[in-house]
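Note sheet for the following structure.
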Amino acid sequence: MLERKYFPCFSTRAFEFMAYSRCSNSVKDSILPVITLTRQKLAESFSDTFDLVSDAAEGRPIILDFDTTPRVVTSAEEAAAIRRQKAAKREALDGKKPRERTEKELARYAELRRRTEQFNAHLRGFLEPRHGAAAWIAMAGAHSGVVPVVRLTSMEAVNGQIAVANQNIYPVAFRIDPENPEEVAMAGAGIAALHNPGSSYLLLDSGFVRNRASSSAAATEAALQQLKNSAGEAFGVSRKVVISGSFPASSLRELPRLLQMEERLHHDSISGSWSVEYGDHASLPKKSNRKGGNGWFPHVDLTLDRHWRVELEERNSDPTGYVRCAKKTVNSDDWKRRTQCWGTSVIEEVSAGTTTIDKTKFVVPGPWIAVRANQHISRHAAYK
């Protein structure tokens, strides 16, 4: 019987991936992460991201997906128009006329555009309807320990990917939205066509389930039944993982200071009837397209078994609040229940007044995502 694992989902965005890279070896040994590749800085392909993940995993098995969003490319004309608009606003405010861009600066911007266009071309290669998805399986599966996620875009694309997996004896994973019947159907047909379905994974990812854990669980159970009916014996030998998340993307100001993990409720409901393993979004909030906003409230989060303890100050965008929140967290009764890990060590250091640790400044929200997620992954790695 295979050892049960914990399946945390995160991407290679800086602070999400920092949470994983700072995990201890024993934690990394106890999990099977589902990692979404994103572009690294000015890279022209996912090659640098593969190296980043490989270095952190150190040969351990990982499940890999990739971000399908192309990067925005601003033409020289559009960039010039934006600069003129900004310059006009500045001139209206302080009367200073803008300087012209130097040839060196113009050449640099042109190179940045070229790199972004090249990355988008690389990405389009994987998104090409007929052969792109198969090329993704061929590239990712060739890396030792990597289990690529099958793209569920069309049955033609699925068949091409399964053909590559069967030819090379690659294990694959199917990341399915349980509330998308087309994805469920394609995954069922895909896993049934595998020569070695026992090395495959069915990842039923319900996304953000706060305030809808019950209805989402019902949809997931219906998807599991559909997969069982369509995949037959392959369903029985594959590994089934239920995934969800419930950490809010809001400021947390209006929410309880002891915040329940509804992903645990979601899994509990399903595991009563189905043999499924546990996965989640590692305390990462739901992705949002919202830009800007009205600031943020400093808060330090302590990850417990089934709750987050949130220490928050209602001082809008106050970077000094993190030291006070960390100090209150360390002095709380719940601190005795903490997980010993990099994340809690950061809280301890900040509580003593240190806000720069290993060249990272813990005075804005971004780095605290890593602190919370690292605690979450480290704590849930102990669940079996």
Side-chain angles (χ1 to χ4, degrees), residues 5-13 15-17 19-20 31-38 62-69 127 147-153 173-188 190 201-227 239-252 255 259-271 273-274 276-291 301 303 306-308 369 372-373 376-377 380 383:
K5 296 278 188 178
Y6 160 50
F7 293 74
C9 300
F10 51 87
S11 79
T12 54
R13 293 182 181 90
F15 295 122
E16 293 185 27
F17 199 73
Y20 171 67
I31 68 177
L32 210 172
V34 182
I35 305 174
T36 299
L37 302 179
T38 58
I62 51 176
I63 297 173
L64 279 192
D65 203 349
F66 67 93
D67 184 359
T68 61
T69 309
L127 300 179
V147 180
V149 170
V150 172
R151 301 271 301 138
L152 299 173
T153 53
F174 299 83
R175 192 172 190 174
I176 310 154
D177 176 356
E179 297 180 52
N180 185 323
E182 289 79 14
E183 286 191 7
V184 175
M186 285 187 281
Y201 299 81
L202 288 171
L203 311 175
L204 290 101
D205 190 343
S206 296
F208 189 71
V209 297
R210 181 156 296 279
N211 299 323
R212 66 179 198 96
S214 179
S215 62
S216 178
T220 300
E221 293 202 60
L224 283 164
Q225 186 61 57
Q226 184 179 339
L227 288 165
R239 295 180 71 167
K240 277 77 69 180
V241 185
V242 169
I243 298 168
S244 64
S246 71
F247 195 88
S250 69
S251 68
L252 306 183
L255 295 172
L259 193 59
Q260 188 170 38
M261 293 179 186
E262 294 194 23
E263 49 266 63
R264 300 296 309 179
L265 299 177
H266 179 259
H267 182 265
D268 288 349
S269 177
I270 298 163
S271 62
S273 305
W274 296 85
V276 291
E277 296 179 78
Y278 176 78
D280 60 31
H281 293 169
S283 287
L284 299 172
K286 178 184 179 182
K287 296 291 184 295
S288 172
N289 293 323
R290 180 173 59 91
K291 294 182 179 179
D301 312 313
T303 301
R306 302 179 74 90
H307 293 81
W308 294 282
I369 292 174
R372 183 179 62 246
H376 191 106
I377 295 171
H380 283 69
Y383 292 162

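What you see is a predicted model, and the numbers here were worked out from it, not measured in a lab.
Among all heavy-atom pairs drawn from D177 and E183, the shortest one is N-OE1, 2.9 Å. Between I176 and A187, the shortest heavy-atom contact is CD1-CB, 3.5 Å. Shortest non-hydrogen contact noted between I31 and Y20 is CD1-CE1, 3.9 Å. Summarising the geometry of S244 relative to S206, their closest heavy-atom pair is CB-CB, 4.3 Å, with the distance given to 0.1 Å. Across H266 and V209, no two heavy atoms sit closer than the pair CD2-CG1, 4.2 Å. In plain terms, the two heavy atoms of P8 and I377 that are nearest each other are CB-CG1, 4.1 Å.
Using a 4.5 Å heavy-atom threshold, the side chains of L64 and V147 count as separate. Residues I63 and Y201 form a side-chain contact, since some pair of their non-hydrogen atoms from C-beta on lies under 4.5 Å apart. K286 is not listed as a side-chain neighbour of P248, based on a closest heavy-atom distance of 4.5 Å or more.
In the model, H267 has no side-chain atom that pairs as donor or acceptor with a side-chain atom of D280 under 3.5 Å. Between the side chains of R151 and T153, no donor-acceptor pair is found at a separation under 3.5 Å. In this structure, a donor-acceptor pair under 3.5 Å is absent between the side chains of S11 and T38.
Between the side chain of R175 and the backbone N or O of L203 there is no donor-acceptor pair closer than 3.5 Å. With T220 contributing its side chain and S216 its backbone, the two residues share a donor-acceptor pair below 3.5 Å. Between the S273 side chain and the I270 main chain, no donor and acceptor come within less than 3.5 Å of each other. Using modelled atom types, one side-chain atom of E277 and one backbone atom of K5 make a donor-acceptor pair closer than 3.5 Å. With hydrogens and angles disregarded, a donor-acceptor distance shorter than 3.5 Å links the side chain of R210 to the backbone of Q260.
If you run side chain to side chain contact (heavy atoms under 4.5 Å, CB included) between W274 and each of L224, V242, L204, only L224 comes through.
In this structure H281 satisfies the side-chain hydrogen bond (donor to acceptor under 3.5 Å, both in side chains) test together with D205, sequence neighbours excluded.
In this structure, Y278 and Y6 have parallel ring planes: the angle between them is below the 30° cut-off, well short of the 60° mark.
Summarising the geometry, atom CD belonging to E16 is positioned 7.0 Å from atom CD1 belonging to I369; distances are rounded to the nearest 0.5 Å. A distance of 13.5 Å separates CG of L259 from CZ of R306, quoted to the nearest 0.5 Å.
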